[in-house]
Amino acid sequence: MAKHFIFYFFCMLSSVISASGQQKTDLTTLVKPNIGSVHSRYFFYTPAAVPFGMAKLAPSTNGSYGNKSGWEAVGYDDRHSSIEGFANFHEFQIGGIVFAPSVGELKTTPGKLDQPQSGYRSSFDKKDEFATSGYYRVKLKDYGILAELTATKRVGFHRYTFPKTDASNLIFDIGHVMGESGPVVDAEVNYDNQCVWGYVVTNPVYVQKYQQGATVKMYFFAEVSKRPKSYGTFKDDAIFEEKKNIRGQGVGLFLRFDTGSDESITIKTGLSYTSVDNARLNFEQEAKGLTFDKAKSEALNTWNNEMGRILVEGGKEEDRVKFYTGLYHALLGRGLASDINGAYPKNDGSVGQIALNAQGKPVHQHYNTDAIWGAFWNLTQLWSIAYPDYYNDWIQSQLLVYRDAGWLGDGIANSKYVSGVGTNFTGLAIAAAYNVGIRNYDTNFAYEAVRKNELESRGRIPGAGKLDVGVFVEKGYSPYIEDNTGSPELLTQGSPFGASHTLEYAFSAAAAAQYAKSLGRDADYKKFLKLSDAWKGLYDPSTKFIRPKDSKGDFIPNFNPYQPWRGFQEGNAWQYTFYVPHVPQDLVKLVGKDLFNQRLDSIFTVSQRNVFGGGTQIDAFAGIESLYNHGNQPNLHISWLFYFSGRPDLSQKWVRAISNEFYGTEPVHGYGYGQDEDQGQLGAWYVLSGIGLFDVRSLTTENPAFQIGAPLFDKITIQLPKALRKNKFTIQVEKEAPDSYYVDQVRLNNKAWIGWQLPFEQLVKGGVMTLNLKSSARGN
């Protein structure tokens with residue numbers, strides 16, 4: 001065992017030395033995946049992965065318990081003290097293919113969380129656990145086994161170091177529920193000549209809600225480094241010795257070994273969503289000759305390179321840990337769904353083929369993705385700044401589904417529609433990408449998809465979301481109607497969330513308007529522009545709140561601005577009244593600048609006492625009745641709104657307070673307490689605020705620009721591979737005191753810069769922006 005730690009040390013050492021021999025910071029040492037893991041979504045705790053990869057390996061503490069509503073925290077919880085195995089797939093609505101080592105009596109079910117001896121799970125101590133981006137290890141205390149995990153894009157690597165025994169076991173648990181996967185429909189596992197392969201078919205909750213009857217399939221092909229002395233299959237608790245294959249719910253396979261002291265057995269498993277053959281191809285092309293240690297080294301280097309596109313220096317180490325852990329989460333979600341040969345799962349359950357280039361490689365990749373709801377205030381801006389290659393791929397991936405099934409998907413799991421909250425902001429995300437020059441796709445075809453998404457209701461399928469867009473286009477708003485069906489996302493003549501839908505669709509329309517204008521679609525431009533004003537019709541001057549209207553056009557009675565779920569999805573009128581991101585200056589004018597500033601500043605003053613959200617309650621919805629809720633998407637822009645009301649100093653004050661207080665470095669207090677770190681969005685918000693660049697309007701306006709905030713660090717260098725962007729952009733910070741956060745002066749390339757916005761084109765051109773930070777705001 002000691003030799004593995006020695007090798008790990010040298011791998012880590014080599015990862016901090018560049019090809020030129022110059023030493024640089026090893027950013028993986030700043031990534032702490034256990035931060036916030038007490039209340040994490042299924043994708044969240046997957047240390048053994050590479051950015052945007054398919055193989056996402058992690059320990060599971062409670063994944064076998066399933067996920068009743070399809071989205072709650074499940075998989076790994078830092079408070080738990082036993083591990084039931086190591087799952088290879090972790091995506092929204094996708095989970096499974098569990099491997100587990102054990103010693104002694106063969107057990108074929110995971111057992112209960114608080115009774116490790118009831119199954120193959122094992123207890124563990126936190127002191128024996130280590131996790132970073134790309135690598136995980138833990139000592140399984142009950143068995144004396146050291147478990148280690150790492151990955152390439154589509155191949156998972158497991159290394160289990162056993163004690164001396166004649167009863168070492170490897171368990172391949174394929175046919176049981178895992179994480180968000182939903183019930184197992186079918187499964188199969190096979191063994192021959194040190195190879196194990198098979199598949200599992202599942203029925204996720206959200207797939208059934210939005211595309212009833214569809215299923216999700218996962219395939220694997222694994223190679224084991226040692227020949228077992230015996231093997232067999234199982235179905236739940238029933239064991240079948242010397243049987244090489246089995247099919248059905250609850251099935252799995254086991255291998256038994258004699259092992260010497262500290263003897264390691266490695267499993268390399270190719271993964272696929274299309275076939276066992278493609279899982280084997282992914283394995284052969286990515287990992288056939290790759291050792292565990294080499295794969296680990298490459299994974300760590302990959303994370304260093306990808307996170308290193310934004311290099312922060314100086315400031316507090318705690319803030320650098322928050323920053324790179326947040327960036328790690330932002331690069332984890334929305335992973336590969338296509339194989340190395342370009343095969344991908346189509347919406348109808350068949351296998352599609354992405355076009356190949358002259359070298360025989362896919363021209364782009366396909367990805368799984370949770371809904372894009374709110375991601376324009378964090379993920380898409382981050383992609384625009386540092387990952388335009390992924391952003392472009394993501395758009396082509398979305399267009400695959402549109403081409404195959406006729407509608408853009410709000411969220412997709414193996415191309416099956418999983419709309420999430422029942423809206424659809426994919427059109428806005430595509431329009432924003434086009435707006436900042438990310439256009440390596442059929443832009444006219446993309447516009448067709450965006451236009452259909454924003455305007456059309458005829459034949460609209462549940463998975464496309466925003467089923468009430470027809471009445472929105474007809475009436476200029478979505479009426480508030482009560483839901484008696486239990487499926488409010490599927491209503492067409494309005495919505496229980498009609499007011500928030502109106503605000504959201506108005507924002508999307510504004511983005512589409514800019515796209516139409518750029519392509520010379522004048523009639524569409526005018527139509528979208530008119531729809532973008534829809535929010536004005538819900539502004540109630542008597543209360544100065546956005547207020548839902550019924551189907552007759554009347555404001556609803558008994559209006560309570562604190563009440564969630566009545567007109568507003570996952571929020572209330574206090575929160576959603578500020579949801580006019582495309583023209584925030586118009587909202588300020590309507591409310592009145594003084595009242596706007598007084599109200600918003602008071603909201604943050606009060607909310608600070610409640611950790612800017614749900615307090616210390618571990619519940620994703622704890623903050624939805626509050627004045628401000630940083631733990632959920634609808635509020636993530638409003639701390640930056642003071643830039644549009646003449647008080648940028650107040651934005652700088654409250655952004656810094658949120659960064660310091662909402663975000664923590666503990667397993668419980670990571671992203672608030674019990675808040676919803678949804679596909680890396682909260683981490684990405686911290687990244688943007690940490691470098692002091694954020695756009696309330698999500699880069700959708702005619703001249704996209706960032707509001708310039710106060711960075712947490714002394715120096716930020718944004719440098720992409722030369723093939724993507726030739727010049728680097730550097731932000732240099734000069735502080736009056738270590739904790740100064742008021743922007744006093746801005747210089748760009750050593751010339752005074754007037755105003756508080758940085759045009760996106762300036763960032764792309766490269767250069768040096770110097771900020772002078774003071775301890776008190778100018779004029780205050």
Side-chain angles (χ1 to χ4, degrees), residues 33 37 39-49 52-77 80 83-100 109-110 113 121 136 149 151 154 156 158 171-189 198-209 214-220 222 249-252 269 271-273 279 329 332-337 345 367-370 411-416 418 420 677-680:
S37 61
H39 43 83
S40 56
R41 297 280 289 273
Y42 186 59
F43 93 98
F44 181 95
Y45 194 83
T46 52
F52 306 122
M54 177 188 293
K56 294 181 180 175
L57 281 59
S60 174
T61 64
N62 66 348
S64 66
Y65 282 62
N67 192 307
K68 183 179 180 181
S69 301
W71 65 269
E72 302 99 330
V74 69
Y76 180 93
D77 187 323
H80 296 163
I83 287 172
E84 61 187 2
F86 303 93
N88 290 275
F89 283 108
H90 286 80
E91 289 286 1
F92 183 58
Q93 302 300 290
I94 298 173
I97 312 295
V98 177
F99 300 166
T109 57
L113 187 63
R121 70 168 63 236
Y136 175 85
L149 308 173
R154 301 174 180 87
H158 301 243
I171 300 159
F172 297 79
D173 191 345
I174 310 305
H176 288 120
V177 65
M178 173 49 58
E180 296 175 357
S181 65
V184 170
V185 177
D186 189 19
E188 182 179 300
V189 61
Y199 64 84
V200 62
V201 183
T202 65
N203 228 336
V205 171
Y206 274 69
V207 172
Q208 294 317 301
K209 179 182 287 189
T215 57
V216 164
K217 300 175 182 177
M218 293 161 270
Y219 300 86
F220 76 102
Q249 296 172 331
V251 303
T269 182
L271 304 173
S272 173
Y273 294 117
H329 284 128
L332 262 188
R334 305 169 197 275
L336 276 170
Y367 298 91
N368 285 304
T369 170
D370 193 357
I412 51 176
N414 286 11
S415 298
K416 308 301 189 296
V418 285
E677 172 45 314
D678 193 351
Q679 294 281 298

**Q.** Aromatic centroids of His90 and Phe43 separated by under 6.0 Å
**A.** no

Q. Between the side chain of Gln208 and the main-chain N/O of Asn203, is any donor-acceptor distance below 3.5 Å?
A. no

**Q.** Contact check, side chains of Asn62 and His80, non-hydrogen atoms, under 4.5 Å
**A.** yes

**Q.** Donor-acceptor contact below 3.5 Å, side chain Glu180 vs main chain Pro204
**A.** no

Q) Does the Arg121 side chain pair with the main chain of Thr61, one donor and one acceptor, at a distance under 3.5 Å? A) yes

Q) Any side-chain heavy atom of Arg41 sitting closer than 4.5 Å to one from Asp678? A) yes

Q: Taking the side chain as every heavy atom from C-beta outward, state whether Tyr199 and Met218 have any atom pair closer than 4.5 Å.
A: no

Q. Measuring from His329:NE2 to Tyr45:OH, what's the distance to the nearest 0.5 Å?
A. 9.5 Å

Q: Taking the side chain as every heavy atom from C-beta outward, state whether Asn88 and His158 have any pair of such atoms under 4.5 Å apart.
A: yes

**Q.** Distance, nearest 0.5 Å, that separates CE of Met54 from CG of Leu336
**A.** 6.0 Å

Q) Sub-3.5 Å donor-acceptor pair from the side chain of Glu84 to the main-chain atoms of Ser64, do we have one? A) yes

Q) Do Leu57 and Tyr136 come within less than 4.5 Å of each other through their side chains, counting heavy atoms only? A) no

Q: Can you see which heavy atom on Val184 is nearest to which on Gly175, and at what distance?
A: CG2-O, 3.5 Å

Q.
Between Phe89 and Phe220, is the ring centroid distance below 6.0 Å?
A. no

(Q) If we ignore hydrogens and angles and just use 3.5 Å, is the side chain of Ser415 paired with the main-chain N or O of Pro345 as donor and acceptor? (A) yes

Q. Between Asp173 and Pro110, which heavy-atom pair has the shortest distance, and what is it?
A. OD2-CD, 4.1 Å

Q) Does any non-hydrogen side-chain atom of Val200 lie less than 4.5 Å from one of Ile97? A) yes

Q | From Tyr42 atom OH to Asp370 atom CG, the distance as rounded to the nearest 0.5 Å | A | 14.5 Å

Q | Residue pairs passing the salt bridge (Lys or Arg N to Asp or Glu O under 4.0 Å) test where at least one lies in residues 55-69, sequence neighbours excluded | A | Lys56-Glu91

**Q.** Minimum side-chain heavy-atom gap Val205-Asn67 below 4.5 Å
**A.** no

Q | Spacing of CG belonging to Asp186 relative to OG1 belonging to Thr202, to within rounding of 0.5 Å | A | 11.0 Å

Q.
For a quick test of reading the model, state the closest non-hydrogen atom pair linking Thr46 to Ala49 and the distance between them.
A. O-CB, 3.7 Å

Q.
Less than 4.5 Å apart, side chain to side chain, heavy atoms only: is that true for Asn414 and Asn368?
A. yes

Q.
Treating Arg154 as the side-chain partner and Ser272 as the backbone partner, does any N or O pair qualify as donor plus acceptor under 3.5 Å?
A. no

Q: Could you tell me which non-hydrogen atom of Tyr206 sits nearest to which non-hydrogen atom of Gln93, and how far apart they are?
A: N-OE1, 3.0 Å

Q: Please name the pair of heavy atoms, one in Val207 and one in Ala214, separated by the smallest distance, quoted to 0.1 Å.
A: CG1-O, 3.5 Å

**Q.** Any donor-acceptor pair under 3.5 Å from Tyr65 side chain to Leu113 backbone
**A.** yes

Q: Kindly give the heavy-atom pair with the smallest separation between Ala413 and Val216, and that separation in Å.
A: O-CG2, 4.0 Å

Q. Taking the six-membered ring for Trp, are Phe52 and Tyr367 parallel (under 30°), tilted (30 to 60°) or perpendicular (over 60°)?
A. perpendicular

Q | Within 6.0 angstrom of Lys209 NZ, more than 12 heavy atoms from elsewhere | A | yes

(Q) Quick check against the 3.5 Å criterion: does Ser60 have a side-chain atom that pairs as donor or acceptor with the backbone of Ala87? (A) no

